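Just so we're clear, the structure is a prediction, and the values are computed from it rather than from any experiment.
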Amino acid sequence: MMRRLLIVDDEHHIREGLKHLIAQMELPIQVVGAAEDGETAIRLYKELKPDIVLLDINLPDFSGLDVARRIRAIDEETQLLFLTGYNSMAFIREAITLETVDYMLKPITKEELASGLHRAEERLSRRGRLDESSDARRSRERHRMQEYALLDLLLQRRSWGDAIEALRAAHSPLAEARPPFAVLCCEMDVIPSRLSTIDDRQLYGVAFAKLSSEAAQHCSEAYGAATSPDRMLIVLSAAGKETVTEAAKSVRAAVQSYMDVSITIGASRLVQELKLLPEAYREAVHAAEHKGWVGDGQIIPYESVQIAATSNRTLLDKELILLSEIRAGNDGAVSSILLEWTAQFAGLPSRQVKLMATQLVLYVMRVVQDFPLPDRGARFCRDPLLEMSRMASGSEIVAFISDYFEKVGQWIRESREFAVPKMFEDARHWIREHLHKDASLNGLADYLHLSPKYVSSRFKQVTGECFADFLTRVRFERARELLLDPGQKVSAIAEAVGYSDTNYFSIAFKKNMGLTPSEFRKRYL
């Protein structure tokens, strides 16, 4: 059976070149039309009803992504392929391939093009279009119902009984799953600023959700639901502590590998009943929210932050000295204090040792953030809180933190020659403190007694981030924190992060986060 192909590209010589290449291929595919812009593409699609559409992303009127979505609204089964020179979109390749056969970058070889078209033709041959279309729609609808029912349960939007009935109505296996259960709250640390539109962010979020769910399922029975483009909730059933750890590490590794973005994962304690999942959800979110304290890219067990939170004790003098010596990179002093600790902790109950050690590790992790070099994960334990949560004996905990603190101190000492100049540490602090005032490049330049041009060029050179991107990120990180306080008015939050107009703040927040401030609150509170 001959398949019908529509080519969409704004360059005439590329359209003609593709026609010539495809004519040379021994594939049952015929080019039935070519379009130079989005409007023409949609018109020809409706007239010619092609089986396959080969799309460029950069079109003169609107993007190829928009064309793809309009085609999807008409027909679910048309095979879509992207061929583009828009290399900066390569980072969302995984997201785009959720809706398409392939995403190919120009210049493309005859073999690469043939491979993509062959996959499209195989998909069409493998399934009856009408029957499969109906099955696919039912499957997608069932998946959406399962996600909604899961969120109803976790967020307690319905009574427990109604939420379970909704899970059963959606044929979710979770309704009959075996305990213990745990919840992972997986959150992107930063949505790349290069995702300039809400649609791009949504696509990125779809990729994030799919990758997270699939990675977790390799380790356990997993059920996922996205609450926003940058947050994914995963429920694990029949889980143990090792299973939770493996699933969290697998999710983090998959997202880092395929999307080149770090994520923080909060992990709840194990619970034995489905009705306790809302509590586990709150624990996972609470743990993830500690990333501002322990740093991005961590796996944070709830037990670790909960243990520290129950301790109202202040750090002892010797412990304060230890932190000071670690920050200073004084290896000898750190070793000496740790030797004394080993003897002092020997007779204490293991829970008391863990409580004190966890509090100190939290403080040391805060110190580590002040020295952000790219190789730090390779130098010492990447997930100290996660490792400690699995330790039972006091001697094991003391041995672990002794090794960890010594390596941190040594690493800090060695890294000082690479440290960010103090001037720009002061600049970062000034920006955070002046969001509600004049947090502008000119204001910062005045504070540093330097020219705005010099500050702008040096800011990115030293910090790796331009001033405008850093300022925007800090504004919306702070806005998110304030929105989680139900006592704060949106107008006051807008003013606190530098927006005098509440409506403009709402528009900017939605553009950045994909949700309005009110929608954000409804989703998270």
Side-chain angles (χ1 to χ4, degrees), residues 151 154-155 183-198 200-202 204-205 208-209 212 225-234 255 259 261-267 281-300 302 305 366 369 428-429 431-437 439 465 467-525:
L151 289 176
L154 295 179
L155 305 181
V183 177
L184 300 179
C185 176
C186 310
E187 189 168 285
M188 285 190 208
D189 294 321
V190 178
I191 295 182
S193 58
R194 52 196 168 182
L195 293 172
S196 57
T197 68
I198 292 175
D200 288 343
R201 290 171 185 270
Q202 294 293 343
Y204 208 66
F208 173 46
S212 301
T227 61
S228 68
D230 64 341
R231 177 176 282 186
M232 179 70 180
L233 303 176
I234 298 173
V255 174
M259 302 181 70
V261 65
S262 71
I263 63 170
T264 294
I265 301 177
Y281 156 73
R282 290 190 291 271
E283 290 181 356
V285 171
H286 180 68
E289 288 172 348
H290 274 69
K291 72 176 180 180
W293 179 255
V294 303
D296 293 344
Q298 302 286 334
I299 298 171
I300 309 174
Y302 175 75
V305 297
R366 184 71 169 182
Q369 287 192 81
R428 286 172 167 168
H429 178 74
I431 291 169
R432 291 188 177 96
E433 293 297 317
H434 288 75
L435 288 176
H436 64 295
K437 298 178 182 177
E465 193 171 19
F467 176 82
D469 287 346
F470 180 84
L471 179 59
T472 298
R473 178 166 61 82
V474 173
R475 282 194 197 283
F476 290 107
E477 284 177 357
R478 181 60 178 153
R480 286 173 59 177
E481 293 172 8
L482 294 173
L483 284 167
L484 292 173
D485 180 357
Q488 292 268 15
K489 293 183 177 179
V490 173
S491 58
I493 294 172
E495 186 175 349
V497 298
Y499 289 90
S500 57
D501 187 317
T502 304
N503 289 332
Y504 182 65
F505 165 69
S506 298
I507 293 169
F509 188 88
K510 183 169 184 179
K511 181 178 179 181
N512 187 271
M513 299 301 306
L515 300 166
T516 66
S518 298
E519 290 169 342
F520 180 87
R521 272 189 160 159
K522 288 178 182 178
R523 185 161 290 182
Y524 292 110
L525 292 181

*Take Leu483 and Ile493 through the side-chain contact (heavy atoms from CB on, under 4.5 Å) test and state the conclusion after the steps.*
CA-CA 7 Å; Leu483 284 167; Ile493 294 172; 3.6 Å; yes

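- Residue Cys186 comes nearest to Ile263 through the heavy atom pair CB-CD1, 4.4 Å, listed as atom of the first residue, atom of the second, then distance.
- Across all non-hydrogen atoms, the minimal contact from Ala287 to Gly266 is CB-CA, 3.8 Å.
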*Would you please test Leu151 and Leu233 for side-chain contact (heavy atoms from CB on, under 4.5 Å) and show each step?*
CA-CA 9 Å; Leu151 289 176; Leu233 303 176; 4.1 Å; yes

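- Under the 3.5 Å distance criterion, the side-chain polar atoms of Thr264 are left unmatched by any main-chain donor or acceptor of Glu187.
- Listed by chain and number, the residues in a ring-ring contact (aromatic ring centres under 6.0 Å, His included) with Phe505 are Tyr499, Phe509 (sequence neighbours excluded).
- Every residue meeting the side-chain contact (heavy atoms from CB on, under 4.5 Å) condition with Arg282, not counting sequence neighbours, appears here in chain and number order: Gln156, Pro278, Glu279.
- Evaluation of the side-chain contact (heavy atoms from CB on, under 4.5 Å) rule for Val285 yields Cys185, Arg231, Tyr281, Glu289 as partners, not counting sequence neighbours.
- Nearest approach of Ser212 to Met232, heavy atoms of both residues: CB-CG, 3.9 Å.
- The two residues Leu435 and Arg475 have their closest heavy-atom pair at O-NH1, 3.4 Å.
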*Walk me through it: do Leu482 and Lys489 pass the test side-chain contact (heavy atoms from CB on, under 4.5 Å)?*
CA-CA 9 Å; Leu482 294 173; Lys489 293 183 177 179; over 6 Å; no

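- By the side chain to side chain donor-acceptor pair (under 3.5 Å) test, Ser262 pairs with Asp189, sequence neighbours left out.
- Not a single side-chain contact (heavy atoms from CB on, under 4.5 Å) links Glu495 to another residue, sequence neighbours left out.
- Taking the side chain as every heavy atom from C-beta outward, Leu471 and Ile431 approach each other to under 4.5 Å.
- The shortest distance between side-chain heavy atoms of Val261 and Phe208 does not fall below 4.5 Å.
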